[in-house]
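Have a look at the structure below before the remarks.
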Amino acid sequence: MALRLDRDDWLSLALIAATLLAGLALWDRLPAEMAVHFSASGEPNTVTSKPVAVVSLPALMLATWLFIEGAGRVDPPEDPSVLGFVTVATMALMAAAQGLLFAWNLGYEVPFALFMAGVAVWVVVVVGYTVVREERAGLT
């Protein structure tokens, strides 16, 4: 069975590519060892090499996209728009996280609490959209 790409798939793939290209564009400015994980207080607690830091999240994004696509084939949502919305929203969140990592590793002050608040809003929006759309589709 061939993989058919729709507008949401192309947008998701564009976000993955943009995340990788951003890392490559910043390559010379990024430190050799990069912070990639932070404690709840916003302090870095895990570092890794620049190549791993630049490539691993886009690779995880691609794996996540493939997983969501596969899950959507195994158990399709009642409303087909849900799958595309969740996929694009997830890729956007992951791209934002990589942007946060790049900014922090370039020495910019990163409002960690604001980012976490954004993640909380993301969860409410994505879950809310999904629940409302699936309930409406189930009623028709």
Side-chain angles (χ1 to χ4, degrees):
M1 179 189 280
L3 181 65
R4 291 182 182 221
L5 300 178
D6 63 16
R7 179 189 53 132
D8 292 327
D9 293 323
W10 286 112
L11 185 52
S12 294
L13 291 170
L15 286 164
I16 296 167
T19 302
L20 179 60
L21 292 173
L24 296 175
L26 295 169
W27 188 269
D28 291 336
R29 295 179 49 208
L30 292 169
E33 293 289 316
M34 293 178 55
V36 294
H37 191 269
F38 298 82
S39 69
S41 65
E43 293 299 315
N45 58 14
T46 305
V47 297
T48 191
S49 68
K50 177 171 36 178
V52 170
V54 168
V55 174
S56 61
L57 195 54
L60 180 60
M61 290 170 76
L62 181 60
T64 301
W65 175 74
L66 290 169
F67 178 82
I68 294 170
E69 288 296 312
R73 289 178 187 275
V74 171
D75 186 15
E78 295 286 331
D79 182 339
S81 73
V82 167
L83 188 64
F85 179 81
V86 169
T87 304
V88 171
T90 302
M91 296 304 107
L93 177 65
M94 295 174 85
Q98 186 76 325
L100 176 104
L101 291 178
F102 289 154
W104 197 94
N105 282 285
L106 290 170
Y108 293 99
E109 290 291 323
V110 176
F112 190 74
L114 183 61
F115 181 78
M116 293 310 295
V119 170
V121 169
W122 179 91
V123 168
V124 169
V125 169
V126 171
V127 170
Y129 177 89
T130 301
V131 168
V132 168
R133 297 296 295 219
E134 286 295 283
E135 283 179 352
R136 277 192 201 148
L139 295 176
T140 58

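Across all non-hydrogen atoms, the minimal contact from Lys50 to Pro31 is CB-O, 3.5 Å. Among all heavy-atom pairs drawn from Asp9 and Glu69, the shortest one is OD1-OE2, 2.8 Å. Shown here for Glu78 and Glu134, the closest heavy-atom pair between the two residues is N-OE1, 2.9 Å. When every heavy atom of Phe85 is checked against every heavy atom of Val126, the shortest pair comes out as CE2-CA, 3.9 Å. Scanning all heavy atoms of the two residues, the minimum distance from Asn105 to Leu30 falls at CB-CD2, 4.4 Å. Summarising the geometry of Arg73 relative to Arg4, their closest heavy-atom pair is NH2-N, 3.9 Å, with the distance given to 0.1 Å.
In the hydrophobic clustering of this structure, Trp10 groups with Leu15; members are Ile, Leu, Val, Met, Phe, Trp, Tyr whose side-chain heavy atoms approach within less than 4.5 Å, directly or through other members. Connection of Val132 to Val82 is not established within any shared hydrophobic cluster, with ILVMFWY side chains joined at heavy-atom distances below 4.5 Å, either directly or through further cluster members. Placement of Met61 and Ile68 in two distinct hydrophobic clusters is found when ILVMFWY residues are connected by side-chain heavy-atom separations under 4.5 Å, directly or transitively. Clustering ILVMFWY residues whenever any of their side-chain heavy atoms sit less than 4.5 angstrom apart, transitively, puts Val47 in a cluster other than the one holding Tyr108. Cluster membership check: Val88 shares its hydrophobic cluster with Leu60, using side-chain heavy-atom separations under 4.5 Å among Ile, Leu, Val, Met, Phe, Trp and Tyr.
Going from atom CD1 of Ile16 over to atom CG of Leu21 covers 12.0 Å, rounded to the nearest 0.5 Å. The distance from atom CG of Leu62 to atom CZ of Phe67, rounded to the nearest 0.5 Å, is 14.0 Å.
A side-chain contact (heavy atoms from CB on, under 4.5 Å) with Val36 holds for exactly one of Leu57, Thr48, Asn45; it is Thr48.
Side-chain atoms of Met34 and Ser49, non-hydrogen and from C-beta on, never get closer than 4.5 Å to each other. Under the 4.5 Å side-chain criterion, counting only non-hydrogen atoms from C-beta, Trp104 is not in contact with Phe112.
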Listing, residues 94-102 side-chain donor-acceptor contacts under 3.5 Å, not counting sequence neighbours, or none:
unit_1 : atom_1 : unit_2 : atom_2 : d
Gln98  : NE2    : Ala53  : O      : 3.1

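Counting only residues at least two apart or in different chains, ring-ring contact (aromatic ring centres under 6.0 Å, His included) contacts with residues 44-64 are absent.
Summarising the local packing, CH2 of Trp27 is surrounded by more than 12 heavy atoms from other residues, nucleotides or ligands at distances under 6.0 Å.
Counting only distance, with no hydrogens or angles, the side chain of Trp65 and the backbone of Leu13 share no donor-acceptor pair below 3.5 Å.
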